[in-house]
Structure formats: structure tokens, C-alpha cells
There are 2 protein chains.
Amino acid sequence: MGRTREFDEEKVLDAAMQLFWEKGYEATSLSDLTSRMGIQRPSIYSAFGDKKELFEAALRKYTMSRASHVRTRLQNNPSVKEAFRTFFEDVVAEEYTESRSRGCFCINTMVELAPHDEKFEILTREHQMYLSVIFQETIERGIQSGELETGVNAKALSQALIVSLIGLTVIMKSRPKRSFVDNTIKVILTLLK
Amino acid sequence: MGRTREFDEEKVLDAAMQLFWEKGYEATSLSDLTSRMGIQRPSIYSAFGDKKELFEAALRKYTMSRASHVRTRLQNNPSVKEAFRTFFEDVVAEEYTESRSRGCFCINTMVELAPHDEKFEILTREHQMYLSVIFQETIERGIQSGELETGVNAKALSQALIVSLIGLTVIMKSRPKRSFVDNTIKVILTLLK
DNA sequence: TGAATAACGTACCGATAAGTATGTTATTCA
DNA sequence: TGAATAACATACTTATCGGTACGTTATTCA
């Protein structure tokens, strides 16, 4: 019984996610959140808990959606090399079309919170490890199909690609010349052979 | 005329640098700064300006010292491959000996401030570009000496190595297993041939 | 040696932070 | 249909934020 909730939890959580993604944890105030989410302060606390719990919910929403996006992107291309190439290129293209770079919410959190909060150290690590497994499975598919050499160390290679992707995502926040990242992608992808 | 300054500007700036490096800009308060720097609030403002100007001075101090450290590390080894290998390995070893990862102050700033403040976008970009040039000169030395193949694209390769180093530095904040980063370094360094 | 001046410590400023108490409105179910 | 209850909006609390006014102490140079 009682009054029914007037807001859509998923929608307002999505709005919080966007804001935390743009500005980070510390730089986002409760006032920022209420205006962006379109609900009042006590509604946030009753639905999500305090600021940090809301942040965690937002980050979990992000990582789940991100992982599924990456998985489908890599699985839907019969060519493994082509799949990685277009994936990396799209990450870059997306960043350069936005007027200012948001980068990756998980990476932002790794930098801001992981060293000071074990919960986020674990959460961000597990997301990257999960992405690494997706990469690894894709590489193994390429070995199976004969597109990649049989001697390739799929696990080590997938880890190197994840690290490169993180580096690319981060350096784009300083808006280097497009040629810088384009060159980098070409070199990184020569690891796939 | 007037009273002489009782604190060493370089020393207190160094203390501020350490603190901003550990906690970032937003999470560091003026009270944190006064206690760590050992001077009072008005002394900070008279010597360095406001919080953001102090942060900028601290970051500039960091990037200059970091660049010179990287330069000497890479120049002091006759073997280019060996120079890069030991450099990357030491970056990792240093991170894993500290109880919690500070990473790189410039990278932290690239993530926290560069997307919202053009001054730091430029400052962080220029530091990375400078490091990239140091890498490039080192690679060119290796080509000259015959240690590396003549066909190597020194510029593109140096950019890829910078990006990889950034990725490594960032992912270590989530404390992945040591084998993860060790594998990654091995793969990345196969680009040097 | 004393007037001028700059660094000092203290104590304050208004603004804003995160979080909550409280009274009102809407919905439910006995 | 009315007592119970949950979501609502408003307004508040306490603490801390970045920044500064002000009176004191130490140094300098005419």
C-alpha cells in the first residue's frame, strides 16, 4: 500500500550515470544530481541510498551495458582482425565527434576512486578482466578459423589489447591530433597476426 | 624590506604535489594542504595564488621532473630494447611496492581535469607529446646503431609505446594480478624489432 | 633607530556540501 | 470508505568548502 513511485528508477539512474560519467564522483553534487535526475533529494536517498551507493549503482549499470556492447561488436564480425580494427576505430571516432571527451566511466573511476576504495578497485578490475576475456575468446575464434597464427598467445595478446585500449581512451582526453591515435591503432593492431 | 619568508617554496610545493598526486584536485581541501605543507592558508595564497594555480604549479613541477627522469633512464642504456624493457618493468615494480597506487600525476589530471579545463588539456597533452619525442629519439638511436630494423616507423611506434604505458599505469590502479601486467609488457615490447 | 613593509597566525566570511526531519498528498486494502 | 502507508516537496541541520580581513611580529633600509 501507499503512494506509487512517480519516477522511472531506470531512467533516473541513467541520468545519474551520465552525470557521474561526465564529472566524476567528487565534482558531482547532490544538487547537480537532483536537477539532472528530475527528482528531489529524499527520493534519491530512498531509492538508491547515499551518494556513493548511487554512484555504485550507476557504475554497475554502465559496466553491464558496456560489456554487452563490446561483446556483440566483436562477435558480429566474421573477421577477427576486422572486428578489432572497426571496434578500435569506432571508439576513437566517437570520442572525436563529441565536443568534450567523457572517455570510459569505468576507467575514470579506476583513476579517481580505485586507489582509495577497495570496492571500486575490485569492481573496475573485474570489468576490465571481463572485457579481457571477451577479447581472448575473439582471438581464439580467429585462431580456430585460421585467420590468426596458431602460435598466438591469446590470453597475453588480449591483455595487451585491453591495456592499449585503456591508454587510447585516456590520452584522447587531452585531445591529441587525430593522426596520433590513428598511427597508434595501426601499430597496436599489428600485434594481431 | 619586510619580514623574510620562513618556509622553503620548493619544499612546500613538493608537499602540495604529493598530496594532489595522491588525492586529485577535487578531493584535496585547503585544510589538507595547510597541514601537509606545514604553512597557513594566507601563506599559500600569497606564494602560489588560489587552489587551481597551486595545483598547476605542482603539476608543472611534476612533469618537468618526470620528463628528465624518463630521459636519463632511456639515454643511459646502450641497448634500446633493454632500456625500454627495464623502464617498463621498473614502472610496474614501483607501483606494486607501494601499498596503494598513485600512478602518474599527469595521467590522473588528464582524466580528472583535461576534459573540463583547456589549460590542463594542453598541459597534459604537451607532456605526453614530449615523452613521445623522447621515446622516438631512443628508437631512432636503435635504428642508427643497427639494433632495430631500418624499416621501423619510429614516430608511430613511440606513440604506441606511450599509449601502452598510459594503459599500464591506469590499469595498475585496479591492482590486477602481477602476471597480467608482466604478460602485457612482454607483448608490447615485441613491437620493438 | 624608527618608519615602512611583508610574512605571519587567528579568526572570520558567505556559499555550498551531504544528509534528514517534517508535514502533505496520493494510493492501497481491509 | 476510511485507516494505514509510502512517496512527495519544502525546508532545515551541521559541517566543511575556498577564500580573506585584520591585527601581530619580524625584517629592512633610510
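Both backbone and side-chain heavy atoms feed into the values below; hydrogens, waters and symmetry mates do not. Quick note on labels: first sequence line is chain A, next is B, and so on, each numbered from 1.
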Exercise. At the 4.0 Å heavy-atom cut-off to chain B, mark where contacts on DNA chain C begin and end, going 5' to 3'.
Key: dA4(C) to dT10(C)

Quiz item: Do Y130(A) and L123(A) sit in the same hydrophobic cluster, where Ile, Leu, Val, Met, Phe, Trp and Tyr count as joined when their side-chain heavy atoms come under 4.5 Å apart?
Solution: no

Quiz item: Taking a hydrophobic cluster as the set of Ile, Leu, Val, Met, Phe, Trp and Tyr residues connected by side-chain heavy atoms closer than 4.5 Å, whether directly or through intermediates, do I107(A) and L113(B) fall within one such cluster?
Solution: no

Using atom [atom1] of [X] as one end and atom [atom2] of [N] as the other, report the distance to the nearest whole Å.
| X | N | atom1 | atom2 | value |
| --- | --- | --- | --- | --- |
| E6(A) | dA7(D) | CD | C1' | 7 Å |
| Q40(A) | dC12(D) | CD | P | 15 Å |
| R5(B) | dT25(D) | CZ | C1' | 16 Å |
| F7(A) | dA9(D) | CZ | C1' | 13 Å |

Could you pull out all donor-acceptor pairs under 3.5 Å where a side-chain atom in residues 48-57 of chain A meets a protein atom, sequence neighbours excluded?
| from | atom 1 | to | atom 2 | distance (Å) |
| --- | --- | --- | --- | --- |
| D50(A) | OD1 | K52(A) | N | 3.2 |
| D50(A) | OD1 | E53(A) | N | 3.0 |
| K51(A) | NZ | Y25(A) | O | 3.0 |
| K51(A) | NZ | T28(A) | O | 2.8 |
| E53(A) | OE1 | D50(A) | N | 3.0 |
| E56(A) | OE2 | R60(A) | NE | 3.1 |
| E56(A) | OE2 | R60(A) | NH2 | 2.9 |

Quiz prompt | Beyond-backbone contact of R85(A) with E89(A), side-chain heavy atoms, under 4.5 angstrom | solution = yes

Quiz item: Taking 4.0 angstrom as the limit, do E26(B) and K23(A) come out as a salt bridge?
Solution: no

Exercise. Kindly calculate the angle separating the two end axes of the helix from dT1(C)-dA30(D) to dA30(C)-dT1(D), each obtained from five base pairs, and round it to 10 degrees.
Key: 0°

Practice problem: Indicate, with a heavy-atom threshold strictly under 4.0 Å, whether S43(A) touches base, sugar-phosphate, or nothing. | Solution: sugar-phosphate

Nucleotide N/O to protein N/O under 3.5 Å, stretch nucleotides 18-22 of chain D:
| from | atom 1 | to | atom 2 | distance (Å) |
| --- | --- | --- | --- | --- |
| dG18(D) | OP1 | T28(B) | O | 3.3 |
| dG18(D) | OP1 | K51(B) | NZ | 2.8 |
| dG18(D) | OP2 | L30(B) | N | 2.7 |
| dG18(D) | N7 | R41(B) | NH1 | 2.9 |
| dG19(D) | OP2 | Y45(B) | OH | 2.7 |
| dG19(D) | OP2 | K51(B) | N | 3.2 |
| dG19(D) | O5' | Y45(B) | OH | 3.2 |
| dG19(D) | N7 | R41(B) | NH1 | 3.1 |
| dG19(D) | O6 | R41(B) | NH1 | 3.3 |

Quiz item: Distance from R125(A) atom CZ to M172(B) atom CE, nearest 0.5 Å?
Solution: 14.0 Å

Quiz prompt | Inter-residue atom distance R66(A).CZ - K61(A).NZ, 0.5 Å rounding | solution = 15.5 Å

Quiz item: With R102(A), which of Q18(A), E95(A), E94(A), E22(A) fulfils side-chain hydrogen bond (donor to acceptor under 3.5 Å, both in side chains)?
Solution: Q18(A)

Quiz item: 5'-most contact on DNA chain C: D32(A) or G2(B), nearest heavy atom basis?
Solution: G2(B)

Exercise. Measure up the F105(B) and Y62(B) rings against each other and bin them: parallel (under 30°), tilted (30 to 60°), perpendicular (over 60°).
Key: perpendicular

Residues 131-140 of chain B, side-chain donor-acceptor partners within the protein, below 3.5 Å, at least two apart:
| from | atom 1 | to | atom 2 | distance (Å) |
| --- | --- | --- | --- | --- |
| Q136(B) | NE2 | E140(B) | OE2 | 3.2 |
| T138(B) | OG1 | I134(B) | O | 2.8 |

Self-check item: salt bridge (charged side-chain N to carboxylate O under 4.0 Å, His left out) pairs, two or more places apart, involving residues 175-191 of chain A
Solution: R178(A)-D182(A)

